[in-house]
2 protein chains.
Amino acid sequence: MNNMKETIRSVSVELFFKKGYFATSISDIANGCGIQKASIYHHYASKEELLFSILKGTMDDLTDCLKASLANSDNVEQQMRAAVRSHVRFHLERQKETFIANSELRGLTSEHHKIIVQKRNEYERIFQNLIHEGSEKGVFSKGDVKILSYAILTLCTAGATWFKPDGRLPIEEIAAIYDGFIISGLKQNI
Amino acid sequence: MNNMKETIRSVSVELFFKKGYFATSISDIANGCGIQKASIYHHYASKEELLFSILKGTMDDLTDCLKASLANSDNVEQQMRAAVRSHVRFHLERQKETFIANSELRGLTSEHHKIIVQKRNEYERIFQNLIHEGSEKGVFSKGDVKILSYAILTLCTAGATWFKPDGRLPIEEIAAIYDGFIISGLKQNI
DNA sequence: GTTTCCCTAACGTCCGGTCGGTAGAATTTT
DNA sequence: AAAATTCTACCGACCGGACGTTAGGGAAAC
């Protein structure tokens, strides 16, 4: 790869995932890229901006993925299944980035923090709307929409914590397990 | 409180929760205790040991809680319900400590890290045994025990991420929601 | 001949941790 | 009971080092 900006990004993702944002120094990143640490600043204005650009890109892609996977159906249950699978898939396929996006928010300036949280809220709202619609139509049982949405999202998100790319189960199988688990949780007593 | 060691501990929990372990300095902690930072080292050998003692204490209490709540019954479903509620309750009542225990493992030395991970594994095994026993007896449906246990645990654990002590719902109500959600997830197709 | 991309060198700051010391309480010795 | 010693809890000053960031320059590409 001869695009240094991309290299810096991907090396950072690797290191932030492995050691954490605060424990990773600019020298570490420069080292991983084979350049001097001062050269990083030609591509990114600061360490924080580097983090922010990773988080922002990840959140945008995440939302795009979800929206694309909802477009194929207008049946609530099908949509919820598609949403869960999209969510799981994204978090396992891009495990390192999503892990960072969920654990390193504290490294952001307050303005950047606000932007990311807002993106996350929009994403959550899509799930909340599905739960609401489903329980209105009697497809899902009535329940606390917010708590249920947090449950569903964190459930899948946490996958990025323990998932091993070369583990026993392929991504699709894990997605199917979560799908079944969540739908039957939403349909309790129905 | 005139026990300075306890004060240091609780101030640290507060700060580690709010700012993170690496972003919290010994001076910050000393400041919060109203003493000089050198005095911290009279009570704890290092910053890392302070973190470790918090994590170890929390994990021990967590496991004790779980074991106590299982002793009242020998019915698998009842035990699983009790386990889930114990897990949720502990994570919400001692939100700050459990949050730290789940996010700051990287601050530990490798020996200390090993100890905590081992405690966590023992804790997880209790849940895995319950799932296994339940599916053997036909109370729960067959499924991947590990994935299901991760799902259950991270689900509740994540509560410590978003829970607000003075929010809409009391802890018991949240525990009940999770209980219902999880049991029906475990019983799908039964 | 300007822009791109990377370099060497350095800066100020802050951090975890150490050191020597002190005041006073507790304990032991006489 | 008085004197001598030890222990507890803390302080102020200080280290060495690492960190994020900046300044200025040089070579190559356009």
Side-chain angles (χ1 to χ4, degrees), chain A residues 1-56 100 103-113 115-116, chain B residues 1-56 100 103-113 115-116:
Chain A
M1 189 181 320
N2 55 9
N3 183 341
M4 187 52 74
K5 187 163 185 174
E6 247 324 296
T7 304
I8 295 172
R9 195 197 120 99
S10 73
V11 167
S12 300
V13 167
E14 215 69 33
L15 291 176
F16 291 168
F17 176 70
K18 193 163 58 178
K19 315 204 304 171
Y21 174 70
F22 286 107
T24 301
S25 69
I26 296 286
S27 320
D28 290 338
I29 298 169
N31 225 309
C33 298
I35 58 174
Q36 293 298 311
K37 67 173 174 169
S39 308
I40 303 276
Y41 290 86
H42 176 71
H43 302 280
Y44 294 93
S46 67
K47 189 187 179 187
E48 190 270 344
E49 202 206 84
L50 174 50
L51 175 64
F52 176 64
S53 98
I54 292 171
L55 297 199
K56 183 173 177 306
I100 297 168
S103 57
E104 300 293 7
L105 285 192
R106 285 194 288 219
L108 297 172
T109 63
S110 60
E111 300 97 63
H112 284 165
H113 184 94
I115 294 174
I116 300 294
Chain B
M1 188 182 320
N2 54 9
N3 182 342
M4 187 51 74
K5 188 163 185 174
E6 247 323 297
T7 305
I8 294 172
R9 194 196 121 98
S10 75
V11 167
S12 299
V13 167
E14 215 68 33
L15 291 176
F16 290 168
F17 177 70
K18 193 163 60 178
K19 315 204 304 170
Y21 174 70
F22 286 107
T24 301
S25 69
I26 295 286
S27 319
D28 290 338
I29 298 169
N31 226 310
C33 298
I35 58 174
Q36 292 299 311
K37 70 170 175 170
S39 309
I40 302 276
Y41 291 88
H42 176 71
H43 301 281
Y44 294 93
S46 68
K47 189 186 179 187
E48 190 269 345
E49 203 207 81
L50 175 49
L51 175 64
F52 176 64
S53 96
I54 292 172
L55 298 199
K56 183 174 177 304
I100 296 168
S103 57
E104 300 293 6
L105 286 193
R106 283 194 288 218
L108 297 172
T109 63
S110 60
E111 301 98 61
H112 284 165
H113 184 95
I115 294 174
I116 299 295

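Chain identifiers are assigned alphabetically (A, B, ...) following the order of the sequence lines, protein sequences preceding nucleic acid strands; residue numbering begins at 1 within each chain. Keep in mind that this is a model prediction, so the values were computed, not measured.
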Short N/O separations, protein against nucleotides 25-30 of chain D, under 3.5 angstrom:
none

(message) Applying ring-ring contact (aromatic ring centres under 6.0 Å, His included), can you list everything that pairs with A/Phe22, at least two apart in sequence or on another chain?
(response) none
(message) Would you say B/Ser39 places a side-chain N or O within less than 4.0 Å of OP1 or OP2 belonging to D/dC11?
(response) yes
(request) Sequence neighbours left out, what passes ring-ring contact (aromatic ring centres under 6.0 Å, His included) with B/Phe17? Give chain and number order. (result) B/Phe99
Hey, what are the protein-to-nucleotides 5-8 of chain D N/O distances that come in under 3.5 Å?
none

(request) Output the residues of residues 29-36 of chain A in contact with DNA chain D, where contact means a heavy atom of the residue under 4.0 Å from an atom of the strand; sort by number or write none. (result) none
(message) My understanding is that only residues two or more places apart in sequence, or in another chain, count here; which of them pass ring-ring contact (aromatic ring centres under 6.0 Å, His included) with A/Phe52?
(response) A/His112
(request) Between protein and nucleotides 13-21 of chain C, map the contacts as a letter string: B base, S sugar-phosphate only, - none, heavy atoms under 4.0 Å, written 5' to 3'. (result) --SBBBB--
(request) For residues 30-46 of chain A, pull every pair meeting salt bridge (charged side-chain N to carboxylate O under 4.0 Å, His left out), keeping only residues two or more places apart or in separate chains. (result) none
(request) Just grab all the side-chain hydrogen bond (donor to acceptor under 3.5 Å, both in side chains) pairs involving residues 16-30 of chain B, residues at least two apart or on different chains. (result) B/Lys19-B/Asp28, B/Ser25-B/Asp28
(request) Not counting sequence neighbours, which residues clear ring-ring contact (aromatic ring centres under 6.0 Å, His included) with B/His43? List them please. (result) none
(message) Measuring to OP1 and OP2 of C/dT4, would you say a side-chain N or O of A/His43 lies under 4.0 angstrom away?
(response) no
(request) At under 4.0 Å between heavy atoms, which parts of nucleotides 22-27 of chain C does protein reach? Answer with one letter per nucleotide, 5' to 3': B base, S sugar-phosphate only, - none. (result) ------
(message) Under the rule for side-chain hydrogen bond (donor to acceptor under 3.5 Å, both in side chains), what residues qualify as partners of A/Glu14, not counting sequence neighbours?
(response) A/Lys96
